[in-house]
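Just follow the structure's listing: the first ligand is 1, and inside any ligand the first atom is 1.
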Amino acid sequence: MAETKTATDAVGAREHPDKSQLAVEEAQAEAEATGTPKPGQRAEISNLDIVRHYFNAASDRLGLSDDLRVVFWAPYREVTVQIPIRLPDGKVHVFSGYRIQHNGARGPYKGGIRFHPEVDIDEVRALASLMTWKTAVAGVPYGGAKGGVNCPADKLDQTDVQRIARSFMDKVEKILGPTRDIAAPDINTNAQVMAWMMDEYGKLHGHTPAIVTGKPIALEGSYGREAATGRGCVYMFREAAPHLGLSPADTTFVVQGYGNVGSWAARIMQQLGAKMVGVSDASGAIRHDDGIDANALHDYITAGGRLTEFEAGGEIPAADLISIPCDVFIPAALGGMIHEGNAAEMRCKVILEGANSPTTPAADRILRDKDVYIIPDVMANAGGVVVSYFEWVQNLQHFRWDEREVNDKLGTIMRRAYREVSSRARDEGIDLREAAYLVGIERVVEAARTRGYV
Ligand code: NAD
């Protein structure tokens with residue numbers, strides 16, 4: 001039976017028994033020894049500290065009282081579950097799964113599920129909080145949640161990933177529901193994983209497509225959902241570009257993390273005429289100043305190719321990706337990858353944050369001094385949850401919109417969010433990130449007050 005915790009008793013749940021990856025430990029040991037993360041490493045600051053920093057800065061500006069800060073910072077409900085799975089090495093591996101519901105004032109909880117060895121409860125808390133502000137900034141009627149399992153899904157057989165997905169759903173289904181909490185894909189989880197989770201939930205509750213979004217089209221998924229996060233990023237960039245003197249057709253860009261978000265952002269930027277000059281994934285990085293064909297690279301990786309072997313001669317050390325000269329740098333991998341150890345090396349005009357929490361506060365300050373324009377995660381990558389909202393609406397009505405309708409509606413919401421946040425930033429003389437947090441926090445506080453919750 002799942003263990004349910006409230007905000008006040010949650011801080012002890014830190015076991016993640018299978019998080020013994022040598023690479024993670026080595027990177028942490030080096031960061032600790034030197035104090036500053038190296039260019040290719042992630043920052044030592046946690047995603048939770050990153051989100052907390054931005055939440056506190058916005059709360060200071062809003063004059064939010066200390067007691068209300070506790071209410072709006074702490075998660076409402078946290079569930080930690082054990083997922084024992086016998087893997088092909090013959091051993092039972094015990095993974096930890098988390099579902100954290102941060103704030104539900106504005107609607108049902110909503111957030112993705114990540115399968116990654118570095119998942120821990122603090123990371124899930126950070127991502128759940130970010131979802132609360134993101135859904136508010138986008139103006140979709142959801143609260144914020146997140147889930148994760150600390151398993152190396154990209155190294156496991158699909159049969160084992162399926163067993164983990166079903167086991168996780170079995171153990172958290174009591175707190176989920178189409179009007180309570182709706183899951184979605186994130187790192188190393190995709191439409192197939194959502195299909196398994198929906199199927200597992202359906203065994204207990206009957207066919208319930210609205211329990212997860214990001215499903216395959218064959219199972220009441222929405223047209224346009226898979227591309228939505230990357231497409232939403234590009235909509236935001238198109239709004240910003242004229243004010244920055246940039247024309248999408250003449251833009252060069254670099255993508256860090258060529259997964260769902262990164263590859264869709266790249267392919268849609270390329271449709272506008274922009275040129276990708278550098279790209280990475282977990283296997284390494286490549287650079288070609290004449291341009292890398294985003295569609296061909298996607299097809300090559302989908303067919304099983306290794307990014308670093310795409311077009312001979314382009315491989316560079318992963319740490320060098322960050323310093324490639326370009327107009328737009330798109331982080332679309334893990335959090336904390338732009339930090340004080342590498343921010344000064346960046347040679348871009350814009351950072352378009354496809355990933356969640358890619359930029360630490362220290363890096364943010366360095367980049368502000370360099371006049372780099374940051375379109376932050378809390379607005380830039382909201383396209384995924386916006387089309388998840390469309391998918392949920394379609395599921396509840398058992399109706400389907402065509403892709404054009406989905407994309408048009410997505411564009412309307414992303415443009416509106418950009419304009420609302422950028423005009424707030426202008427009015428108050430602050431950057432987009434701080435303005436987005438102000439807008440998000442204000443909307444959540446207003447909803448909680450109107451409900452009579454605080
Ligand atoms: P994904 O698993 O499809 O892709 C992740 C990519 O990052 C993979 O190509 C992987 O190889 C690469 N990667 C991993 N470690 C890396 C490293 N050290 N250096 C470079 N690349 C590395 O995941 P995704 O769904 O595209 O999510 C990417 C980011 O976008 C995450 O931060 C996620 O939280 C965020 N995000 C995703 C969605 C969504 O709808 N999928 C929505 C909002 C935000």
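- Cation-pi geometry between Arg225 and Phe390 is not met: the NZ or CZ atom fails to fall both under 6.0 Å from the ring centre and inside 45° of the normal.
- For ligand 1, the atoms closer than 4.0 angstrom to any heavy atom of Ser280 are 20 (C).
- Within the 4.0 Å heavy-atom criterion, the part of Arg225 lying near ligand 1 is the side chain and not the backbone.
- Side-chain rings of Trp133 and Tyr54 stay apart, their centers remaining 6.0 Å or farther from each other.
- Closest to atom 33 (C) of ligand 1 by heavy atom, among Val385, Asp377, Asp186, Leu127, is Asp186.
- With respect to Phe115, the side chain to side chain contact (heavy atoms under 4.5 Å, CB included) criterion is satisfied by exactly one of Asn150, Val193, Ile187: Val193.
- Looking at Asn260 next to ligand 1, an N or O pair under 3.5 Å apart turns up.
- The atoms of ligand 1 that sit less than 4.0 Å from any heavy atom of Ala355 are 29 (C), 30 (O), 32 (O), 35 (C).
- If you number the atoms of ligand 1 from 1 as listed, the ones under 4.0 Å from a heavy atom of Asn188 come out as 2 (O).
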- [ ] Begin with the C-alpha distance, continue with both residues' side-chain angles, and end with the deciding distance and a verdict on side-chain contact (heavy atoms from CB on, under 4.5 Å) for His116 and Glu123.
- [x] CA-CA 11 Å; His116 193 278; Glu123 180 175 73; 5.7 Å; no

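- Looking at Met337 next to ligand 1, no N or O pair under 3.5 Å apart turns up.
- Atom CG of Asp290 sits in a sparse spot, with 12 or fewer heavy atoms from other residues, nucleotides or ligands closer than 6.0 Å.
- In this structure, NE2 on His339 lies 7.0 Å from CD1 on Ile322, to the nearest 0.5 angstrom.
- Applying the 6.0 Å contact sphere to CZ of Arg400 captures more than 12 heavy atoms from other residues, nucleotides or ligands.
- Residue-environment remark: CZ (Arg443) exceeds the threshold of 12 foreign heavy atoms within 6.0 Å.
- With Thr189, Thr229, Leu321 as candidates, the residue nearest to atom 38 (C) of ligand 1 on a non-hydrogen basis is Thr229.
- The shortest N or O to N or O distance between Gly262 and ligand 1 is not under 3.5 Å.
- Each of the atoms 9 (O) of ligand 1 lies under 4.0 Å from some heavy atom of Tyr258.
- When Gly259, Pro358, Ser388, Ala333 are ranked by how near their heavy atoms come to atom 31 (C) of ligand 1, first place goes to Ala333.
- Between Arg114 and ligand 1, an N or O atom pair is found at a separation short of 3.5 Å.
- When heavy-atom distances to ligand 1 are checked against a 4.0 Å cut-off, Ala332 comes that close only through its backbone atoms N, CA, C and O.
- By the side-chain contact (heavy atoms from CB on, under 4.5 Å) test, Thr132 pairs with His102, Asn103, Val444, sequence neighbours left out.
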